[in-house]
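First up is the structure itself, then whatever we jot down about it.
Note on naming: letters A, B, ... go to the chains in the order of the sequence lines (proteins, then strands), and numbering restarts at 1 for each one.
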Amino acid sequence: MEKNKSLWQEFSKGLFRENPIFFIVLGLCPTLAITTSLENALGMGIAVIFVLVFSNVVISSIRNIVPDKIRIPCFIVVIASFVTIVELLMYGYFPQIAKKLGIFLPLIVVNCIIMGRAEGFAKNHKIIPSVFDGLGMGLGFSLAILLIAGIREFLGTGKLFGKIICESFSPCAIFILPPGALFTLGVLIALFRRIKKGRADGY
Amino acid sequence: MEDKFLVSFWPHIYDKDSISRIMWTVFLCLILSGIAGVYFFGLHALLLIFVAIITALTTEGLIQYFRKKRITILDGSAALTGLLVVYNLPPQVPFWIPIVGSFFAIAFVKQAFGGLGRNIFNPALSARVFLLLAWPKYMTTFVAPAGSVDALTSATPLTLFKESNIGLSQMGLSYWDLFLGRRPGCIGEVAIIWLLLGAAILLFLRIITWHIPFSYILVLAGLSWMFDKNGLFKGDILFCLMSGGVILGVFFMATDYVTSPLTKRGKIIFGAGCGLLTFIIRRFSGYPEGVSFSILIMNAFVPLIDRYLKPRIYGKK
């Protein structure tokens, strides 16, 4: 079974088919909270990709040593170490973004995507497929939050990456408030499910 | 096999009343207040009314077309939503505000939940709150009606009361002005006399019942009178009822069939909850007016109210 799937498939499934946000609907806490600007989303996306890939690698490599009964605490220790590394790195090199992300940076520990991939993939697969799975899922997550953040930042402030795009546009402030996140996410989930269904139906 | 059963939404009661008859009656009862609004605030208000209604009808028609549903834009419900959206807007907003509002009301609040009869929240009020949070600059700028001393931007009586704590006479208004609608405010909420006339017709035709308006007004007026910010039992009841959107909200939006409880007891509780929340928002929050928020919050409780106040089935304990 494992051999039938190519590495490309493991990588690409996270981008669209099993996109963690639009189809698996995991990791919504950062998705809703930090997508107020593209800058935040980029920072969060990179942090999640890093943690996801490395935690997948480590969990996949210790999968035969860890007793089944205590696997969850072990996984959490692994994930938390990488999150701490990311947090310290970000505070060291990108303090502004780290400050903006605030509590949501350490909260990557409990981001369901990472635990979900550890439980759902890395603990049953070898290291190389786990790397590609982590990369794909992380990239899928990042692209999704970048899309949401782009829509919200543009509609809510008229800017992209902090630069004004259209002078005459009257920003719709609700989109950088929490309800705007839910509206955007809801519409996008509906849209992508429609596209996926359309593909499955063959038109 | 499934196709042979007609699955329709409750309540399953047959009557000569039809959706379109009720909706168009409510629409006609509201028209008077709109005419007064246009008279006070000028032709721009008329433009806004048309834009809102046309957008509502177009949105409803397009969504029903693409979802391959029966197109029911002539049943009056979309037109009524559009009219109520624009009645909740200040008279000088740019013309695209009612377009966004009507689109949001129909597409997100009504059709996204499955269309008429299935929406949880009142579409027009949700649109108003959406616009208020989206463009507070436009949504909180009011103008005085034509013919008054200053025809420039001015605050609504409720805002003045909230921020400066001055009485009606210090605002240069009388109860009679409030009653006729000669005050700054939203297009459709100012002309109390015509709203009350429309409400009386609806009550007479039994399209709405007295339960929600009665308990809403009783609780709001009672609390405002008792716990005024100038001291106990000093509140101005007539001012509290005629200075904001209470009359429009109470008779035409809180009583919306879809988003209000089914039973009489439920309706009384719903109205009382709205009254309490309106009082709390007006008195303690940053907003001068709380009718739209309170009706929306109580809308969320309607399924719960219906569930716990189910009428006893005959013969059961």
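Chain B forms more heavy-atom pairs under 4.5 Å with one residue of P171(A), G180(A), G156(A) than with any other, namely P171(A). Of the listed residues (W135(B), W96(B), F108(B)), the greatest number of heavy-atom pairs within a distance under 4.5 Å of chain A belongs to W135(B).
Heavy atoms closer than 4.5 Å to chain A are found in the side chain of Y138(B), but not in its backbone.
Remark: the T84(A) side chain and the S81(A) side chain contain no N/O donor-acceptor pair separated by less than 3.5 Å. A donor and an acceptor atom, one from each side chain of Q64(B) and T72(B), are located under 3.5 Å apart. At a cut-off of 3.5 Å, with distance as the only test, a side-chain donor of T278(B) or S294(B) sits close to an acceptor on the other residue.
E119(A) and R71(A) are joined by a salt bridge, as a carboxylate oxygen and a charged side-chain nitrogen come within less than 4.0 angstrom of each other.
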